There are 2 protein chains.
Amino acid sequence: MLDATSSYKPTDRAPPPVDESDERQDRRIVPETTRRADRLPGNRYGNRPTMKDVAARAGVGLKTVSRVVNGEPGVTPDTERRVQEAIEALGFRRNDSARVLRKGRTASIGLVLEDLADPFYGPLSRAVEEVARAHGALLINGSSAEDPEREQELALALCARRVDGLVVIPAGDDHRYLEPEIRAGVATVFVDRPAGRIDADVVLSDNYGGARDGVAHLLAHGHRRIGFIGDMPRIHTAAERLRGYRAAMEDAGITVDERWMSLGATNPQRVRRAAEEMLSGTDPVTAIFAGNNRVTVTVIRVLAEHSRPVALVGFDDIELADLLQPGVTVVAQDAAALGRTAAERLFRQLEGTLLAPERIELPTRLITRGSGELPPAV
Amino acid sequence: MLDATSSYKPTDRAPPPVDESDERQDRRIVPETTRRADRLPGNRYGNRPTMKDVAARAGVGLKTVSRVVNGEPGVTPDTERRVQEAIEALGFRRNDSARVLRKGRTASIGLVLEDLADPFYGPLSRAVEEVARAHGALLINGSSAEDPEREQELALALCARRVDGLVVIPAGDDHRYLEPEIRAGVATVFVDRPAGRIDADVVLSDNYGGARDGVAHLLAHGHRRIGFIGDMPRIHTAAERLRGYRAAMEDAGITVDERWMSLGATNPQRVRRAAEEMLSGTDPVTAIFAGNNRVTVTVIRVLAEHSRPVALVGFDDIELADLLQPGVTVVAQDAAALGRTAAERLFRQLEGTLLAPERIELPTRLITRGSGELPPAV
DNA sequence: CGCGCATCTGACAACGTTGTCCAGGCTCTA
DNA sequence: TAGAGCCTGGACAACGTTGTCAGATGCGCG
């Protein structure tokens with residue numbers, strides 16, 4: 001559960017009931033500063049009018065207001081007009097919490113991703129949002145910051161909100177905690193990385209194939225000693241890309257030197273050191289395959305300072321890659337397509353057809369811009 | 001799997017519990033496709049157990065379960081253990097919708113922004129999320145796509161969800177539609193651009209000052225004919241930056257030629273044309289001030305194809321700006337700080353102190369990298 | 001041994017909405 | 001003009017939770 005660390009308490013105690021006249025007094029005496037939260041009279045949502053208030057004002061029954069609000073048939077134009085006027089006058093807005101409680105559907109879906117600020121996840125998130133919007137649903141999202149515990153906390157908080165469905169970019173590798181939720185009817189789709197230890201829909205890029213193609217591209221340009229810098233192999237995408245690298249090298253009949261590989265390069269400093277190491281010494285690498293966009297950016301910086309030209313292919317496209325000297329050759333994945341595909345799958349689940357869990361793999365695309373076509377330099 | 005000893009009270013109007021064997025039957029007979037939504041037995045959230053179910057299984061009262069779930073005092077360890085076991089066994093998760101309805105606080109805040117996929121809003125959104133998280137609240141967000149109508153629709157949908165507060169990056173310029181909501185107690189803070197026609201908190205960058213500094217920087221390097229390419233002036237930030245441009249030029253005693261200015265450059269094609277126009281003809285500009293990150297990127301592309309070196313200063317920082325040739329000089333604003341400041345202000349409102357609406361302006365920072373220091377070339 | 005008190009527990013109502021169902025008034029037809 | 005049927009409107013319960021309050025239990029002390 002999420003814990004409040006400040007005095008803002010979502011779990012507010014109920015204000016003591018105060019009768020109308022006392023309340024008038026309060027209005028005059030209580031300083032402005034205490035008013036916003038504890039405004040009286042009426043209900044706990046400030047002094048928000050309810051359907052009952054609207055009904056009273058319009059001189060109709062409660063259900064008639066509900067009918068008007070929901071555009072249900074069976075209300076004469078005259079009655080409808082009176083209700084509309086009352087709604088207008090009171091500034092009524094339906095309380096969706098109550099509606100949700102009654103109807104059982106929240107018309108919202110949750111998205112658990114790694115980091116909203118990462119340029120890869122922005123478009124993905126946006127794509128999910130668009131699909132949700134097309135289905136009349138809102139998107140609630142949160143970042144796991146690559147922390148499995150936080151991922152779980154977030155996902156379960158979303159389930160407690162009774163989101164209709166969940167799109168998860170996994171940080172952890174054990175998602176059995178979602179089993180009761182899925183059984184209870186929460187549609188669930190994993191994106192970018194597969195779910196751990198449960199059977200669920202998953203949409204991912206062809207990380208293996210993309211990496212293999214990227215490395216093969218370097219091999220085709222004459223490179224033999226090719227470095228690989230990637231994330232921790234416990235992350236599925238990183239492991240797959242590494243596998244692709246190994247496969248391409250093997251296909252070319254090259255035995256990979258352990259010193260050519262750097263795994264778990266999670267921050268710029270480590271990437272920098274890794275790159276510098278494999279570029280120095282005897283038999284330095286003549287090309288580098290960068291395992292993700294953050295690695296690519298750092299490697300570009302290192303190569304910019306390096307005297308000898310070194311070929312580079314990066315996984316994930318980066319903005320302005322074409323404007324650098326040389327342009328950066330990348331294996332691009334389509335973040336928006338990942339998000340869109342996952343969200344669409346989610347809503348297909350929600351439409352009632354219980355589909356067998358499926359693994360959808362989207363192709364990657366090699367974009368040649370120059371850095372990957374440099375010949376080996378000694 | 002209801003406990004055999006659990007008995008439903010006579011007062012209980014819930015549908016009669018289906019016993020184990022019947023339930024098994026259902027599972028076998030009902031086709032998979034109808035199951036997810038209409039699963040039996042039980043309530044509308046699939047077959048999600050409620051506190052009542054937990055209470056029955058644990059052989060305690062409803063309120064005792066509530067107490068355990070909320071960590072309230074006054075439950076003997078033994079009772080608590082029994083309840084915990086029942087919760088575990090049933091996979092119970094509290095329904096926050098009902099809780100919200102009862103308590104009046106949703107512990108969630110809404111964020112209406114322009115486009116989640118824009119690299120400027122990712123960090124902003126993330127910062128808001130972090131603050132929300134620190135206060136135990138979830139973030140619901142949506143993109144307005146710069147459409148005022150969609151902004152309103154989104155904001156009001158969030159209000160219907162009874163978010164506790166709203167952070168809005170305005171697309172429109174009339175926010176009176178939020179008045180009833182604010183009166184009803186929805187904390188509201190505007191970011192990046194001020195609210196229109198209502199009095200509310202707003203957090204923004206010093207667009208005017210930043211642009212003036214940026215243009216002054218070009219002037220200091222000897223430029224006289226400086227172009228400005230920006231967004232539609234109906235967007236506050238665009239108008240302010242334009243004002244900064246004009247002020248700097250005026251300070252330098254330069255009369256701005258209308259042909260140096262391009263407003264409403266909303267897509268790359270128009271930016272490109274605008275840039276090409278002001279770079280050609282007699283008396284072309286020798287420097288360009290780009291009004292936002294998207295414009296900057298396009299202008300960089302145009303300049304890359306241009307024979308004569310042209311100085312450039314852009315508003316908003318862009319990734320890899322330092323790696324281009326030359327590095328791109330920018331007026332950087334701190335998106336994360338904007339988001340953080342706004343969210344913190346929001347929660348201060350929620351803590352009960354009703355603060356007078358305030359306008360908070362964050363400074364910008366000029367980052368020199370080369371492109372802004374090029375001398376005028378004829 | 002009985003009384004009072006503290007501690008623990010549970011019945012009940014309420015939150016604001018929607019689904020069900022019935023009443024009353026209307027129109028239409030025989 | 002009466003009866004059937006339709007249309008509109010409203011009373012009521014229910015959704016799952018929490019606040020209130022009173023009842024039950026056990027214990028210590030007079």
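Sequence lines set the chain letters: A, B, ... in the order given, protein chains first and strands last, and positions in each chain run from 1. Given the structure is predicted, the values throughout are model-derived calculations rather than measurements.
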Asker: For A/S66 and C/dT17, is the shortest distance between a side-chain N/O and OP1 or OP2 below 4.0 Å?
Answerer: no

Asker: Excluding sequence neighbours, so at least two apart, what forms side chain to side chain donor-acceptor pair (under 3.5 Å) with A/Q152?
Answerer: none

Asker: May I have the distance from A/K52 (atom NZ) to D/dC12 (atom P), rounded to whole angstrom?
Answerer: 12 Å

Asker: Looking only at side chains, do B/N70 and B/R94 share a donor and an acceptor under 3.5 Å apart?
Answerer: yes

Asker: Looking at five pairs on each end of the helix from C/dC1-D/dG30 to C/dA30-D/dT1, what is the angle between the two axes, given to 10 degrees?
Answerer: 60°

Asker: D/dT17 P sits how many Å from A/R99 CZ, rounded?
Answerer: 20 Å

Asker: Polar pairs (N or O, both sides) under 3.5 Å between protein and nucleotides 6-11 of chain D?
Answerer:
from   : atom 1 : to    : atom 2 : distance (Å)
D/dG9  : OP1    : A/T76 : OG1    : 3.0
D/dG9  : OP1    : A/T79 : OG1    : 2.3
D/dG9  : OP2    : A/G74 : O      : 3.3
D/dG9  : OP2    : A/T76 : N      : 3.3
D/dG9  : N7     : A/R67 : NH2    : 3.0
D/dG10 : OP1    : A/G61 : N      : 3.4
D/dG10 : OP2    : A/G61 : N      : 2.3
D/dG10 : OP2    : A/T64 : OG1    : 2.9
D/dG10 : N7     : A/R67 : NH2    : 2.9
D/dG10 : O6     : A/R67 : NH2    : 3.4

Asker: A/D53 CG to C/dG16 P: how many Å, rounded?
Answerer: 9 Å

Asker: B/T64: what forms a side chain to side chain donor-acceptor pair (under 3.5 Å) with it, not counting sequence neighbours?
Answerer: none

Asker: Is the shortest side-chain N/O distance from B/R102 to OP1 or OP2 of C/dA13 below 4.0 Å?
Answerer: no

Asker: Mind checking ring-ring contact (aromatic ring centres under 6.0 Å, His included) for A/F347 and listing every partner two or more places apart, or none if nothing turns up?
Answerer: A/H135

Asker: In whole Å, what is the span from the CZ atom of B/R161 to the P atom of C/dG16?
Answerer: 18 Å

Asker: Between C/dT20 atom P and A/E72 atom CD, what is the distance in whole Å?
Answerer: 11 Å

Asker: A/M51 CE to C/dC15 P: how many Å, rounded?
Answerer: 15 Å

Asker: List the residues meeting side chain to side chain contact (heavy atoms under 4.5 Å, CB included) with B/D199, not counting sequence neighbours, and say none if there are none.
Answerer: B/P357

Asker: Would you mind writing out the side-chain donor-acceptor pairs for residues 84-93 of chain A within the sub-3.5 Å range, not counting sequence neighbours?
Answerer:
from  : atom 1 : to     : atom 2 : distance (Å)
A/E85 : OE2    : A/R81  : NH1    : 3.0
A/R93 : NE     : B/E181 : OE2    : 2.6
A/R93 : NH2    : B/E181 : OE2    : 2.5

Asker: Using heavy atoms and a sub-4.0 Å distance, could you list which residues of residues 82-90 of chain A are near DNA chain C? By number, please.
Answerer: none

Asker: Name all pairs fulfilling the salt bridge (Lys or Arg N to Asp or Glu O under 4.0 Å) condition that reach into residues 133-144 of chain A, sequence neighbours left out, sorted by first residue then second.
Answerer: A/R133-B/E153

Asker: Take atom NZ of B/K103 and atom C1' of D/dT20, then tell me their distance rounded to the nearest Å.
Answerer: 14 Å

Asker: I need the A/L166 CG to A/I182 CD1 distance, nearest 0.5 Å.
Answerer: 8.5 Å

Asker: Can you name the residues that form a side chain to side chain donor-acceptor pair (under 3.5 Å) with A/R126, not counting sequence neighbours?
Answerer: A/E130, B/D115

Asker: I need the CG-C1' distance between B/L101 and C/dA13, as an integer number of Å.
Answerer: 13 Å

Asker: So what does A/N70 hit on the nucleic acid, given a heavy-atom distance under 4.0 Å: a base, only sugar-phosphate, or nothing?
Answerer: sugar-phosphate

Asker: Could you list the residues that satisfy side chain to side chain donor-acceptor pair (under 3.5 Å) with A/S108, not counting sequence neighbours?
Answerer: A/T106

Asker: Taking only residues two or more places apart in sequence, or in another chain, which ones meet A/L62 in a side chain to side chain contact (heavy atoms under 4.5 Å, CB included)?
Answerer: A/M51, A/K52

